[in-house]
Amino acid sequence: MGSMFPTRLSFLRSLIRRLAAEQVTVARPVWQMDADGFGHAVYTVHLGGHPYSLVAVSTDLPPELRTDRVIATAWDSAYVLYDGVPGAGDIARIAAAAPKQEAARFTERDLVLSRANKSVRLFAHVTDSLRAGRQPDVQMIRDVGYLMRTTAVYGNGKFGIADRAVIETRPGLEGPFAAEMLTVWLIRHFTHDLAEHVGGAPLDPKLKRHLGIGNSTGLGMAPFLVSHPVLLNNWMLARETALARVCAIETVDAPMRARLHALADRAARHLSEWQVPDADHQTRIDQLRKDWDALRPTLDFSGTQPLARIMDQAQAHSLDVQELLAALLIEPFGDLVDGLAECMGDAHGPLTLPLRDTGALKSLIETHFDWALTPDYDAAEHCGQFWYVSEAKQEPRLGLRFEEDGADLESPLDIARRIKALHRAIGNRVQPVSDLLEQHPEHALALARVQMANRYPYAEIRDNLIATSCLPIDMLRCKLSFFGASKFDPKSDRWTRITLCQGAPLAEDLTGGDPDDWWLPVFGQ
């Protein structure tokens with residue numbers, strides 16, 4: 001999970017394909033910005049027969065208030081994705097409320113809430129360069145890669161915005177996080193417009209395509225994977241099915257072999273442009289570059305089932321190499337795998353069959369959850385952390401059980417420990433599962449997770465999430481890769497910066513060329 005790369009099944013890629021298929025255009029009916037770039041704007045698109053509008057609010061943020069931490073109460077810009085085309089009253093309401101974020105309340109017409117801070121050095125350089133009649137420095141564009149970075153993209157009913165149920169069946173937004181990805185893509189559009197407005201001149205389109213949207217993501221994202229096991233299963237199953245399909249290809253023709261080699265070369269260029277301040281993670285990137293450079297000349301796409309052979313051979317390499325190779329092999333086979341994106345949602349929740357008795361339950365645990373039965377959860381190293389939700393921000397947090405207060409408010413993310421406790425409660429008795437649950441109602445959650453095992457093979461993160469060795473950053477990278485993130489820049493084992501939409505089509509690109517050719521973007525692509 002901590003080595004995953006984005007693929008063509010990532011949610012941003014799926015959204016962009018949909019936008020291109022519908023030849024979506026972006027209108028800007030409102031632009032109320034002063035010369036310094038403070039004010040508000042509205043962008044409107046029509047997708048799947050429905051109009052949606054991004055209301056963007058840009059404010060003058062004092063430097064001492066600028067922080068990416070969740071404790072922030074002010075940001076350079078704030079956004080709402082609105083369901084429809086807002087009138088003057090709704091625009092005024094959103095312009096007043098959006099900069100307050102969690103401190104405000106919203107309506108069911110507000111689908112997504114977000115905020116972003118400028119990459120101050122690059123934004124100033126870009127606008128100063130445009131004012132001086134020149135394009136910004138290519139190296140700075142390549143090194144930073146975004147003009148602003150979001151610190152939250154909220155959906156699904158937070159702070160009064162619309163519940164997911166309002167839009168989950170709408171064409172274009174039915175996939176996971178589609179509304180949030182549309183918001184991010186439109187925010188990127190706004191950051192380009194804002195820089196050109198302040199600078200008084202247009203940016204070179206090649207530079208604009210390389211300017212994505214940054215994001216700072218912390219612990220709040222990790223528990224989602226635990227609390228949505230069917231979604232996690234469906235995401236992983238789609239990816240593994242895609243890989244299985246391409247590995248089953250009997251032969252690869254000459255044009256496709258050339259395409260695969262070109263993508264491998266692009267991946268090498270992408271790795272060369274991936275620089276992070278953290279020394280340990282940069283060492284890992286440097287090692288991946290060396291390993292990838294050594295692997296590329298050996299890639300032989302000829303013969304029978306060459307992709308399966310290559311994946312088998314990759315088992316001798318690091319997990320980073322294996323994950324990058326898997327993403328590469330999936331990439332050029334859109335006709336074979338893109339339909340799997342329609343299977344990545346969860347319309348029903350868990351669908352499971354009741355178990356015959358506790359004997360069957362115990363057998364299921366020992367077959368699928370042997371990994372959960374091994375740790376001694378009374379030992380400090382196996383229970384040293386606990387998950388909880390902060391009262392102030394209503395965001396997930398991770399505490400140290402033997403050093404901090406709050407374990408009495410622990411969130412039920414200790415799935416492995418709970419399953420072992422269920423296994424112990426069963427003992428050697430064989431009785432109806434309902435009787436066991438009546439006697440031990442505290443095991444209801446563990447029972448529900450075990451019952452999913454046969455139908456949802458990828459539903460569980462097979463790790464002890466309360467052990468001191470648990471690294472939330474691995475869960476963050478997994479989820480962010482499904483969003484379509486690249487250039488992971490960990491700041492600790494609990495939060496990371498990433499880049500979204502880098503290399504993605506601009507609005508004007510949707511109607512020409514190949515809007516889907518931006519896997520692992522490189523500068524000047």
Side-chain angles (χ1 to χ4, degrees), residues 1-2 4 219-237 240 346 348-355 358 360-389 395-402 406-427 433 436-437 439-479 482 493-494:
M1 295 179 77
M4 291 178 68
L219 284 173
M221 188 171 280
F224 181 95
L225 297 178
V226 185
S227 57
H228 294 78
V230 178
L231 270 180
L232 176 60
N233 175 82
N234 294 350
W235 298 357
M236 290 293 190
L237 186 60
E240 293 303 305
D346 172 23
H348 307 291
L351 300 173
T352 60
L353 295 173
L355 294 168
T358 55
L361 175 60
K362 186 176 183 180
S363 177
L364 193 60
I365 292 173
E366 293 172 353
T367 300
H368 293 282
F369 296 92
D370 56 321
W371 54 273
L373 303 179
T374 303
D376 174 7
Y377 296 102
D378 292 325
E381 66 267 27
H382 296 305
C383 68
Q385 301 188 101
F386 67 94
W387 295 85
Y388 66 99
V389 176
E395 291 277 353
R397 294 287 178 269
L398 194 57
L400 299 177
R401 190 179 306 277
F402 302 108
D408 55 321
L409 301 174
E410 184 169 4
S411 299
L413 301 183
D414 55 334
I415 303 299
R417 179 171 64 173
R418 288 170 178 266
I419 289 174
K420 184 170 183 176
L422 171 61
H423 184 266
R424 186 185 304 117
I426 296 170
V433 173
L436 174 71
L437 200 56
Q439 297 160 10
H440 298 282
E442 69 273 17
H443 296 309
L445 175 58
L447 171 63
R449 303 299 284 234
V450 173
Q451 284 181 308
M452 288 190 288
N454 283 328
R455 185 183 290 268
Y456 306 105
Y458 298 104
E460 294 295 345
I461 299 171
R462 299 191 173 197
D463 197 5
N464 175 15
L465 302 185
I466 58 172
T468 54
S469 58
C470 174
L471 298 178
I473 195 72
D474 292 337
M475 289 184 277
L476 297 183
R477 177 154 173 177
C478 169
K479 188 178 179 186
F482 279 107
D493 63 3
R494 300 188 179 194

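Please read all numbers here as calculations on a predicted model, not as lab measurements.
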Side chain to side chain, Pro375 and Lys420, heavy atoms closer than 4.5 Å: no
Atom pair CE/CG of Met452 and Leu364 - distance to nearest 0.5 Å: 11.0 Å
Inter- and intrachain pairs under salt bridge (charged side-chain N to carboxylate O under 4.0 Å, His left out), touching residues 459-474, at least two apart: Arg449-Glu460
Results of side-chain hydrogen bond (donor to acceptor under 3.5 Å, both in side chains) for Glu442 - residues two or more places apart only: His440
4.5 Å side-chain heavy-atom contact, Pro229 and Tyr456: no
Sidechain-backbone polar pair: Thr468 side chain, Glu381 backbone, donor-acceptor under 3.5 Å: yes
Side-chain donor/acceptor of Arg477 to backbone N/O of Met4, under 3.5 Å: yes
Side chain proximity check, Asp346 to His228, heavy atoms < 4.5 angstrom: no
Heavy-atom side-chain proximity of Leu353 to Asn454 below 4.5 angstrom: no
Shortest non-hydrogen contact from Ala453 toward Phe369: CB-CE1, 3.8 Å
Test item: Pro457 and Asn233 side chains (from C-beta on) under 4.5 Å apart, heavy atoms: yes
Donor-acceptor pair, side chain of Arg401 and main chain of Ile466, under 3.5 angstrom: no
Spacing of Arg397 atom CZ and Trp387 atom CH2 [to the nearest 0.5 Å]: 10.5 Å
From Leu409 atom CG to Phe386 atom CZ, the distance as rounded to the nearest 0.5 Å: 8.0 Å
Beyond-backbone contact of Ile461 with Leu232, side-chain heavy atoms, under 4.5 angstrom: yes
Atom pair CG (Leu355) and OG (Ser363), whose distance is rounded to the nearest 0.5 Å: 9.5 Å
Distance, nearest 0.5 Å, that separates CG of Asn464 from SG of Cys383: 8.5 Å
Lys479 side chain vs Leu225 backbone, donor-acceptor pair below 3.5 Å: no
Lys362 side chain vs His423 backbone, donor-acceptor pair below 3.5 Å: no
Geometric class of the Phe482/Trp235 ring pair [parallel <30°, tilted 30-60°, perpendicular >60°]: tilted
Validation row: Pro354, Val433 side chains within 4.5 angstrom (heavy atoms): no
Sub-4.5 Å side-chain heavy-atom contact between Arg455 and Pro350: no
Between CG on residue Leu445 and CD1 on residue Ile415, distance to nearest 0.5 Å: 4.5 Å
Partner of Ile365 by side-chain contact (heavy atoms from CB on, under 4.5 Å), out of Leu422, Asp370, Leu447: Leu422
Heavy-atom donor-acceptor pair, Gln385 side chain to Leu400 backbone, under 3.5 Å: no
